[in-house]
Amino acid sequence: MAAKLSLSGPPDSDLSSTSNLSVSSRSSNRSLRVAEKERKKKEAEDPFVLALKYFSDVEAGTPVNGNDEVERNMVLVETLAYSKGLSPEAVSVMLEFAMSLRMGTSLCARVLKCLIPATLVPQEAVVRAVVWLSVGKIPVSTQILFIKWVLTVFDMIDAKNQLRAVYGFIFNFVTEENLCPFICHLLYLLTRKESVRVFRVRKLLELQSRLGRQPFLLNLLSLYKVFCPEMVMLSIPSRIKSGFRNHNMPWKSALIAVQKRAGPQLAGPQVASGSSPTSTTIKTNPRKRKRCHLEVPVMSSVVSKEAQTEPSSCGKVVPLVQLHSFAQLLDNMHRIELPAQMGSLLGSSLALHYLDCVQDESALLRLNFWLGYALHEEFLFCGDEGASQNSEEALQFLDKLLSTQQFLQEGFSCSEAFLYKFLNVWDGSLLRPQILGLLSNIPVVPSSQIRQLLFEPLMQLFFTSSLFFKCGLIECLNNMLLKWLTWHSVYALEDDLDISLNSHTSINMTLSGFKDSVMELVDFVGRLASLSLRLEGCHSLLLSFVLDFYETVCDMFIKYGLPLVVMPPPGVFYPALFATDPVSVDRLAYIMHRYKVNLTSAKSQEKLTKQAFHISRQTVREFNHYIIVMVNCLWNSKMFQLDMGLSLGEELLLKTKVPQYSASFDLVHHPAFMSYAVDFHHRCWPGRKDMDLNSIKHSKPWSWYLEFLFSQGFDGLKQFVESNVGRQLPADEGQGDSQST
Amino acid sequence: MERHQISETRTPRSNVVVQRRRKSKSYRLSYRSGLGAADSRLGWSPALTARRLNTSRKAARLSNIAEKVDPGQLALLVKTEWQLSYVTPLHQFRHTQLKSYSRQLSAFIAAGKQQGLAVEVEGLQTTFRVSFSVVQGMTQSDEDAESVLIQIHSKRLFANQDEPQKPVWSGWLTCVNGNPDYLHSLPKGFVCLPLFGCSGADGLSALVKSWFQQSFDCCFGPLEISHTSLQWLMALWTNCHAESGIQHLKMIWTVPAAPPLQVTYTVDPEDAWELWSSVRKEKEKRGGGGGEEEAGENYIDIEEVTRFMQGLKSHFYRHFRLDLSAGTLNQVSTALGSAKYSGRMKISNSRYMITTLTLLTECALLKMPI
């Protein structure tokens with residue numbers, strides 16, 4: 001028995017199809033058989049197969065209480081049932097186990113509840129179970145549960161002929177008062193012309209006289225009348241009040257989930273098999289799903305609240321649901337009625353346009369409650385149900401949320417509140433792109449709270465995660481800064497500088513408050529970058545993301561009108577300056593160039609308006625220092641001079657036995673540019689045997705060399721040289737006309 | 001478990017509660033109005049207030065709730081075991097509309113029960129009768145909204161025509177001593193009844209919840225009674241022993257062993273009381289001069305609760321060499337009530353109901369997304 005059992009539906013069905021094939025193609029037969037054997041061997045050790053074996057072999061009367069084995073096996077079956085569904089064999093084993101009441105009635109109901117078929121339900125199993133129904137002492141409630149189960153999975157039963165054969169047997173249960181409605185429903189689904197008999201009609205009529213005109217009896221009778229009008233004299237009302245109640249079956253939600261997971265390939269055969277008239281086709285019924293919080297509610301207009309809302313003066317309102325085009329939206333802009341559930345706005349792109357201009361504070365609050373609830377339930381309160389199962393849904397939900405935020409160009413306050421909590425428990429890998437995306441959307445955080453809310457959790461994540469997370473986070477913080485600056489530039493343009501600059505959060509922030517926050521953020525990234533560059537050995541990918549960030553930072557004044565200049569820390573500056581790839585050095589040169597442009601422009605504006613802002617001396621000093629270092633290093637071949645802040649003992653330098661150590665990072669000898677220098681040397685003096693790179697430094701070849709470098713696309717370097725070095729001879733003490741502001 | 005603790009207790013700065021979104025145009029204007037609003041409506045400090053379970057609470061006092069609340073309603077509240085949920089604030093809920101809600105909900109249930117069929121609303125024989133009612137006298141402060149009781153009656157399937165309908169489902173929404181700052185921060189039009197309890201068929205609970213969701217744009221989530229809350233309940237109940245006997249103090253622990261071990265630990269009420277009094281006395285001793293604040297109200301601190309638990313655990317360890325700290329507390333019960341981690345709760349003695357509900361309201365408010 002156990003050898004035949006397979007894990008679950010999908011692999012099993014695959015196998016059956018392949019073995020069908022093998023009959024036709026002999027050649028592949030052997031290899032298939034070998035594979036089959038392998039598979040069986042593997043399955044023999046599978047705990048689930050063992051669990052099924054346990055249930056098929058367990059002796060009647062084994063105690064349940066305190067029996068850990070049964071508990072363990074039961075849990076195994078339940079988990080599999082809820083995740084993938086049970087294979088046909090597993091369904092028959094479990095059904096047989098349950099209905100035979102081998103281990104009592106409580107387990108019977110529990111098994112029935114988890115009996116979620118992955119593909120099909122074997123007819124034999126159902127027939128056997130029906131037989132047990134009369135043999136065993138199954139309590140009525142469990143009997144009902146069983147019939148309900150049959151009704152739920154009716155379309156998945158592989159054939160119905162044997163069930164029809166025991167029609168009469170099933171019919172007998174009609175007399176059970178509690179079972180009657182369900183039995184009638186089942187009979188309705190099974191009835192054929194030949195099953196309509198006089199004595200059955202008589203029985204039903206008798207029941208009807210006893211119970212009153214119950215809809216389920218009427219329905220069955222009307223079907224009988226359709227088949228054999230001569231037998232049923234009863235006049236059936238043209239419109240029967242209601243058919244069979246579509247009972248909320250406990251399996252539906254699980255079934256849908258299993259089918260969803262199994263993917264569309266499974267949905268095909270099942271739809272094909274189910275075709276009975278009032279069959280219990282499984283409708284998407286989000287209400288009963290356990291984890292339905294991620295589903296965006298369907299948009300519907302407010303349920304008649306006529307008593308509450310007096311007809312307003314502006315005439316009739318138009319529910320948002322009734323609008324289908326942008327033009328309609330524009331026409332009705334002034335009299336749109338919000339839907340009953342604000343969450344439904346997320347589902348429609350048209351509604352998002354409207355959301356963008358919703359003025360109603362409580363409407364936004366409603367949306368935020370719903371969103372926040374969904375996020376919290378899914379990611380924070382998820383508890384023992386395991387979020388991994390749901391990750392596909394979670395992914396889609398977050399993507400939807402992200403695209404909404406991108407559309408509105410701002411974050412929801414609930415996602416902000418959620419993130420502050422979530423960052424503390426996040427492992428840094430679950431849905432990383434989405435979470436980082438949400439994070440980059442959060443509005444300006446006051447500097448007094450930014451540390452606790454953002455930096456502390458992020459710091460922990462940052463230093464315990466991989467290089468790629470580090471890069472991702474730096475990129476995310478760069479985006480965050482960009483958004484903050486954009487908000488600022490939008491608002492600052494409208495009004496004088498010193499006014500609260502963002503009204504999208506409830507925090508009123510002054511310009512200086514905003515500056516403090518930006519300052520904190522830039523400092524934070526500076527710290528992260530310095531440390532992580534050291535940790536990761538100045539990885540060039542990481543360096544590139546860091547330089548991206550500083551490209552934003554260096555232009556804060558000119559591009560975004562924020563009167564703030566923050567220099568990169570030495571931990572970022574030097575690794576970039578001494579990077580082995582020319583691109584980083586080039587970008588650093590570009591960044592330094594932009595710093596200079598920003599500083600000069602700020603300076604001139606300060607003179608002009610006499611009231612702008614004061615750049616701290618410290619910043620200017622830092623800038624000058626960096627410029628001097630760069631010029632000395634790349635241009636003047638004066639690496640380790642005393643005033644450079646980067647001093648090494650003379651003896652130590654001599655010990656390295658590097659000749660001309662002070663020139664080892666000029667544009668010729670810099671490891672990033674060495675290859676260009678060699679290349680240039682070849683081109684310049686094709687005949688020369690011995691390579692003397694120092695000869696490039698003579699004035700003529702030097703300027704050619706520079707031209708050569710600039711022609712390779714090092715624009716940053718070009719701009720840097722043009723703005724900082726007076727293009728004199730290298731031997732000349734071209735101190736660079738470094739800032740003297 | 002630990003995860004939860006952290007996640008549900010730390011809350012970001014509270015004034016994100018109401019988001020002000022103003023696009024351009026009246027930048028200056030919105031600045032001013034924003035300021036005004038922030039002062040009046042967003043009551044509490046803009047600094048980060050980590051919302052946590054109170055670390056100190058009033059000891060349960062005999063309250064004369066029986067005099068204030070309708071005895072019928074009270075009997076219903078007391079005799080049933082409730083499955084708890086938290087509810088986000090209800091939008092446009094009016095206590096004056098309860099009659100119409102009753103009608104709407106029964107139509108909704110009827111429709112839900114006959115899903116998939118063409119429903120004739122007129123001809124429908126209403127097998128379900130819903131009644132909404134206000135439970136007067138449950139509120140403790142002015143901010144608390146009045147509690148609402150919902151009952152669903154139905155006829156048995158094969159009942160005679162004249163047989164009376166039986167209650168098949170009941171539930172309530174309440175707010176007892178809700179955090180006034182939070183309640184204040186909500187704009188007009190929202191009613192905050194964060195604690196929802198129901199008992200009856202799951203199908204009906206689901207229908208009722210989904211009707212609420214659609215009608216008042218709120219969300220329902222399961223409310224577990226956390227480890228800490230269970231310990232609080234134990235202490236609060238034990239503290240009442242002198243006035244009304246707790247009969248027994250029963251705890252159920254789950255210890256993570258393989259196979260999982262469930263420990264039922266029942267303590268004699270006298271012993272529990274003795275242990276509790278010793279913990280209380282110790283505090284008084286330590287408190288020494290600082291007893292002035294205790295003069296007015298009888299407060300219990302979280303330290304006392306932990307010490308009480310520690311005492312119980314170490315007693316258990318002495319006898320069975322099993323440290324319960326490794327496990328989780330799943331269930332506590334006394335004659336005054338019982339509570340389970342899964343969120344099922346029963347209050348057996350109405351006189352201490354308010355204290356229990358205050359604690360649970362607090363738990364529910366902690367679950368609020370914003």
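A note on names: the letters A, B, ... follow the listed sequences, proteins ahead of strands, and every chain is numbered from 1.
From A:S344, atom OG reaches atom CD of B:Q214 across 10.5 Å, with rounding to the nearest 0.5 Å. Note that NZ of B:K188 is 10.5 Å distant from OG of A:S362, once rounded to the nearest 0.5 Å. Distance check, rounded to the nearest 0.5 Å: CG of B:L186 to CZ of A:F369 gives 5.5 Å. Atoms NE2 and OG1, on A:H376 and B:T88 in that order, are 12.0 Å from each other to the nearest 0.5 Å. Atoms CD and SG, from A:Q341 and B:C218 in turn, are 8.5 Å apart once rounded to the nearest 0.5 Å. Distance OH/A:Y373 to CZ/B:F220: 9.0 Å, rounded to 0.5 Å.
When the side-chain contact (heavy atoms from CB on, under 4.5 Å) test is applied to A:Q208, the partners found at least two apart in sequence or on another chain are A:L205, A:R213, A:L217, A:L218, A:L221, A:L234.
Counting all heavy atoms, side chain and backbone alike, B:I370 lies closest to A:A417 at CG2-CB, 4.0 Å.
Judged by distance alone, with hydrogens and angles left aside, the side-chain atoms of B:D217 form a donor-acceptor pair with the main-chain N or O of A:M342 at under 3.5 Å.
Among B:K209, B:Q262, B:Q213, the residue making the largest number of heavy-atom pairs under 4.5 Å with chain A is B:Q213.
You'll find the side chain of B:P369 stays beyond 4.5 Å of the side chain of A:L375, heavy atoms only.
Counting heavy atoms of neighbouring residues, nucleotides and ligands inside a 6.0 Å radius, atom CG of A:D427 exceeds 12 of them.
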